[in-house]
Peer 1: 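Quick one: this structure, given as structure tokens, is what I'll be asking you about.
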2 protein chains.
Amino acid sequence: MLQTRHFQQNALLGLLPEKELEHLLPHLEEVSLTLGQSLSESGRHMSHVYFPLDAIVSLLCVMENGDSTEIAVVGHEGLVGVSQFMGGETTLTSAIVQSAGQAYRLKSHLLKREFDRAGTMQRLLLRYTQALLTQMAQTAVCNRHHSLDQQLCRWLLLSLDRLPGNELIMTQELIANMLGVRREGVTESAGKLQKAGLISYNRGHITVLDRQGLEDRVCECYAGVKNEYDRLLKYPAVTVAC
Amino acid sequence: MLQTRHFQQNALLGLLPEKELEHLLPHLEEVSLTLGQSLSESGRHMSHVYFPLDAIVSLLCVMENGDSTEIAVVGHEGLVGVSQFMGGETTLTSAIVQSAGQAYRLKSHLLKREFDRAGTMQRLLLRYTQALLTQMAQTAVCNRHHSLDQQLCRWLLLSLDRLPGNELIMTQELIANMLGVRREGVTESAGKLQKAGLISYNRGHITVLDRQGLEDRVCECYAGVKNEYDRLLKYPAVTVAC
DNA sequence: AAAACTCTGTACGCTATCGCACATAAGGTA
DNA sequence: TACCTTATGTGCGATAGCGTACAGAGTTTT
């Protein structure tokens, strides 16, 4: 029965030693996340945290007038709901499903309980949170200094890294909301990428044809964040000597 | 002797119960931080963490070409060096002293040791880190959607909240580096604020004359972050019931 | 099959900010 | 005092992205 489930598809769960995983196993519940579903809203309590498998979740900051910007993206490498173990209970950022798929969910207080055991899970979650900090910082600087073209490449690559295949179900309108720009701006930038043969899309389906081409165009922000995720989460159980 | 020092001027230290503070007292060392001093550089190990008293430290993300953006600011409400207890050891962001002043410093491994005791200090540090996450997120969205005028107001208010008086020692050039914009842009925005009678400045000295006026002009980002800091750090030792 | 809706493409003037070039002013130094 | 350095003011043209409007193409509903 255990084999039919796939905990190891989520990096955090996959890195847990069996003993700790057993604490959580009975309480992990596989759920389907649908495009656009909201997992967390500004200031609202979250009953569950989510460990994405093939789903992707965007952390968004939404302004009073509805303008929004994605500040980080969460896929199979992480979890949605860090405020549940950081002690704040709620957070100002919203979490919206950007790519439909499966996730495990766990009652928030159970994650908190496991966190407070101060075992591997705590170490993992803290390092993951630091990776998230890095991603947010780099996103902020990228917003400020880089062109929409480059930001779109970064966004596509971040999504691609969290998807099983090379196709995204995503309209230009939604990408625009994520990047905090106009839909027409995305149309134009995406048009350039399509003309260059890097992607092909129609009506909400984007297929990446040339990943290397995207990497050639993307700004340094992508690699910086990716390296930091690898560093922090690849062998996180090992304590680094001072 | 203890009275001559002023731990309570730093919110995190001030909120510690006496018993926990005693662990750290012998190791806290008061230091002067000078304008422009670097406390942390991308990917470099930090030997100490810093608890600012009246100093202000900016967390910056610096690009390869030298462009930079401030992603958060740290004053007497927090500490510089969250990566030291989050487990990552290093971080991609730099920490630069934005306003000279005093701080306590503590050897990183001693903070980590105290963190691992899982007492009040851990709770405080985690909640502080969440507040930092919030500030970074809001900064990112503000960068994207708000005018330089508003961002300058936000920046001035954030600085003011962390200063004992109402005067900043800070050239427009440095503010421009923090906000990730041109120096000329700051000149223009600051000129508007001066004409409106909200601030007065000359050659690196900015005096805030009308704080309320700044609050009237600032975007929602300022209040959002401030409220979240208050919520997370005002009575952080109290566990919220589920 | 027709209608309604959604997604994408395109155009055009507008604005904030950029990049650059210089001018002015204020302090520090010789 | 004269000089030099640093900080600030200003004036361009260039440009990226915005807001708006609308057209076409694909999809769903009726």
Side-chain angles (χ1 to χ4, degrees), chain A residues 35-36 63 65-70 98-99 140-156 167-196 198-207 217 219, chain B residues 35-36 63 65-70 98-99 140-156 167-196 198-207 217 219:
Chain A
L35 181 61
M63 313 294 307
N65 68 0
D67 283 350
S68 63
T69 299
E70 180 184 274
Q98 178 205 106
S99 180
V141 71
C142 192
N143 277 356
R144 169 62 80 196
H145 291 293
H146 296 144
S147 69
L148 177 48
D149 288 13
Q150 287 189 304
Q151 289 179 52
L152 179 59
C153 288
R154 177 175 60 79
W155 190 88
L156 287 170
E167 189 188 0
L168 285 107
I169 312 294
M170 170 68 47
T171 66
Q172 298 182 352
E173 176 86 41
L174 290 178
I175 297 178
N177 286 151
M178 302 294 172
L179 296 179
V181 298
R182 285 182 318 154
R183 193 270 309 162
E184 293 88 334
V186 174
T187 300
E188 198 176 324
S189 285
K192 290 184 201 171
L193 295 182
Q194 174 145 267
K195 274 199 190 92
L198 306 183
I199 64 173
S200 105
Y201 60 85
N202 58 18
R203 296 187 72 70
H205 293 246
I206 304 182
T207 307
R217 295 193 169 211
C219 46
Chain B
L35 180 62
M63 314 293 307
N65 69 0
D67 284 351
S68 63
T69 299
E70 180 184 275
Q98 179 206 106
S99 180
V141 72
C142 192
N143 276 355
R144 169 64 79 199
H145 290 293
H146 296 144
S147 68
L148 178 48
D149 288 13
Q150 287 189 304
Q151 289 179 52
L152 180 58
C153 288
R154 176 175 60 79
W155 190 89
L156 287 170
E167 189 188 0
L168 285 107
I169 312 293
M170 170 69 49
T171 64
Q172 299 183 353
E173 176 87 41
L174 290 178
I175 298 178
N177 286 149
M178 302 293 174
L179 296 180
V181 299
R182 285 180 321 151
R183 194 267 313 161
E184 295 90 330
V186 174
T187 299
E188 199 176 323
S189 285
K192 289 184 201 169
L193 295 182
Q194 173 145 267
K195 275 200 189 89
L198 306 183
I199 64 173
S200 106
Y201 61 84
N202 58 18
R203 295 186 73 72
H205 294 246
I206 304 183
T207 307
R217 296 194 168 213
C219 46

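Numbered from 1 within each chain, the chains take letters A, B, ... in sequence-line order.
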Peer 1: Verify the neighbour count for atom CD of A:Glu188: are there more than 12 heavy atoms of other residues, nucleotides or ligands below 6.0 Å?
Peer 2: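 Open.
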Peer 1: Counting only heavy atoms not in A:Gln150, do more than 12 fall under 6.0 Å of its CD?
Peer 2: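 Above 12, so yes.
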Peer 1: To check you understand the geometry: which heavy-atom pair defines the closest contact between A:Leu148 and A:Ser189, and what is its length?
Peer 2: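 Minimum heavy-atom contact is CG-OG, 3.6 Å.
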Peer 1: Can you name the nearest heavy-atom pair linking B:Gln98 to B:Leu35, along with the distance?
Peer 2: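 What the structure gives for the nearest pair is O-CD1, 3.3 Å.
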Peer 1: Output the distance between atom CG (A:Asn143) and atom OG1 (B:Thr69), rounded to the nearest 0.5 Å.
Peer 2: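 If we round to the nearest 0.5 Å, A:Asn143:CG and B:Thr69:OG1 are 9.0 Å apart.
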Peer 1: What side-chain hydrogen bond (donor to acceptor under 3.5 Å, both in side chains) pairs are there with at least one residue in residues 170-182 of chain B, not counting sequence neighbours?
Peer 2: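 Only B:Gln172-B:Thr187, B:Gln172-B:Tyr201 qualify under side-chain hydrogen bond (donor to acceptor under 3.5 Å, both in side chains).
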Peer 1: Atom OH of B:Tyr201 to atom P of D:dT8: distance rounded to whole Å?
Peer 2: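 That distance rounds to 7 Å.
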Peer 1: Look at the side chain of A:Arg144 and the backbone N and O of B:Leu179, then say whether any donor-acceptor pair between them is shorter than 3.5 Å.
Peer 2: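 It does hold such a pair.
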Peer 1: For A:Asp149 and D:dA16, what is the distance between atoms CG and P respectively, to the nearest whole Å?
Peer 2: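 About 9 Å, once rounded to whole Å.
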Peer 1: Is there side-chain contact between B:Leu156 and B:Leu168, with heavy atoms separated by less than 4.5 Å?
Peer 2: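 B:Leu156 vs B:Leu168: side chains touch.
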Peer 1: Without decimals, in angstroms, what is the distance between A:Gln150 CD and D:dA16 P?
Peer 2: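 Rounded to whole Å, this separation is 12 Å.
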Peer 1: Do B:Arg154 and B:Gln151 have side chains that get closer than 4.5 Å, going by heavy atoms?
Peer 2: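 They are in side-chain contact.
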Peer 1: Quick one: closest heavy-atom pair of A:His146 and A:Cys219, and the distance?
Peer 2: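 Distance-wise, the nearest heavy atoms are ND1-SG, 3.3 Å.
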Peer 1: Taking all atoms of both residues into account, what is the closest heavy-atom pair of B:Cys153 and B:Leu193, and its distance?
Peer 2: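 Looks like SG-CD2, 4.0 Å.
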Peer 1: What's the separation between atom NE2 in A:His145 and atom CE in B:Met63, rounded to the nearest 0.5 Å?
Peer 2: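 That separation rounds to 7.5 Å.
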Peer 1: Assign each of A:Gly204 and A:Arg144 to its nearest nucleotide of DNA chain C by heavy atoms, then name whichever residue's nucleotide is nearer the 5' end.
Peer 2: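 Nearest nucleotide further toward 5': that of A:Gly204.
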Peer 1: With axes from five pairs an end, tell me the bend angle of the helix from C:dA1-D:dT30 to C:dA30-D:dT1, nearest 10°.
Peer 2: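 The value is 20°.
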Peer 1: Please find the earliest and latest nucleotides of DNA chain C, in the 5' to 3' direction, that have an atom within less than 4.0 Å of any heavy atom of chain A.
Peer 2: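 Extent of the interface on DNA chain C: C:dT6 to C:dT10.
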Peer 1: Scan residues 185-192 of chain A against DNA chain C and write down, sorted by residue number, each residue with any heavy atom closer than 4.0 Å; if none is found, say none.
Peer 2: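 Within this stretch, A:Thr187 sit under 4.0 Å of the strand.
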Peer 1: Please report, rounded to the nearest Å, how far the P atom of D:dC18 is from the CD atom of A:Glu173.
Peer 2: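 Going from A:Glu173 (CD) to D:dC18 (P), I get 13 Å.
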Peer 1: What's the CG-P distance between B:Leu168 and D:dA7, to the nearest Å?
Peer 2: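 Value for this atom pair: 15 Å.
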Peer 1: Any chance you could list the contact pattern along nucleotides 19-30 of chain D? Use B for base contacts, S for sugar-phosphate-only contacts and - for none, protein heavy atoms under 4.0 Å, 5' to 3'.
Peer 2: BBB---BBS---
Peer 1: Between atom CD in B:Gln172 and atom C1' in D:dG9, what is the gap in whole Å?
Peer 2: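 Computing the B:Gln172:CD to D:dG9:C1' distance gives 9 Å.
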Peer 1: Could you list the residues that satisfy side-chain contact (heavy atoms from CB on, under 4.5 Å) with A:Thr207, not counting sequence neighbours?
Peer 2: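 A:Thr207 satisfies side-chain contact (heavy atoms from CB on, under 4.5 Å) with A:Asn166, A:Glu167, A:Ser200, A:Leu209 only.
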